[in-house]
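All residue numbers refer to positions in the sequence shown, counting from 1. Just so it is clear, the structure is predicted and the values come from calculations on it, not from any experiment. No hydrogens, no waters, no symmetry mates; every other heavy atom, side chains included, goes into these values.
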Amino acid sequence: MQLDSIAIDRIIEMAWEDRTTFEAIQFQFGLKEQDVIDLMRKEMKLKSFKMWRARVQGRKTKHDKLRVFEKGRFKCSRQRTITNNSISKR
């Protein structure tokens with residue numbers, strides 16, 4: 001699968017996010033966890049890759065099956081609602 005630079009940037013961003021699961025990345029881009037790890041190793045500096053690996057290894061929020069909450073995510077009551085890619089006012 002060929003990925004353009006925009007897709008690669010988005011995958012890296014999603015991989016760094018604590019609450020974005022590897023399953024979500026696979027659903028959106030078709031990359032399994034090992035493929036994401038390989039991509040991160042290839043695209044990042046060695047020190048950054050090691051920092052990322054240490055961060056995500058064993059993290060419960062990076063795998064659907066290890067999450068303790070059923071569905072959804074925490075949302076602050078002061079967070080603005082996003083509708084059709086435009087932020088609505090309170």
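In terms of the side chain to side chain contact (heavy atoms under 4.5 Å, CB included) criterion, residue partners of K32 (sequence neighbours excluded) are, by chain and number, Q26, D35. Not counting sequence neighbours, the partners of E43 by the side chain to side chain contact (heavy atoms under 4.5 Å, CB included) test are I8, I12, L39. Taking the side chain to side chain contact (heavy atoms under 4.5 Å, CB included) definition, one finds that R53 meets it with I37, F49, V56, Q57, sequence neighbours left out. With sequence neighbours left out, D9 forms a salt bridge (charged side-chain N to carboxylate O under 4.0 Å, His left out) with no residue at all. Taking the salt bridge (charged side-chain N to carboxylate O under 4.0 Å, His left out) definition, one finds that R10 meets it with E13, E17, sequence neighbours left out. A search for side chain to side chain contact (heavy atoms under 4.5 Å, CB included) contacts involving R55 returns W16, D18, R59, not counting sequence neighbours.
Here the side chains of M40 and V36 are in contact, with some heavy-atom distance below 4.5 Å.
Although no hydrogens or angles enter the test, the distance criterion places no donor-acceptor pair under 3.5 Å between the side chain of W52 and the main chain of R41.
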Item to check | Derivation of the side-chain contact (heavy atoms from CB on, under 4.5 Å) call for L31 and L3 | outcome: CA-CA 11 Å; L31 297 177; L3 297 168; 3.9 Å; yes

Item to check | Stepwise side-chain contact (heavy atoms from CB on, under 4.5 Å) test for K50 and L46 | outcome: CA-CA 6 Å; K50 286 182 178 182; L46 181 61; 3.8 Å; yes

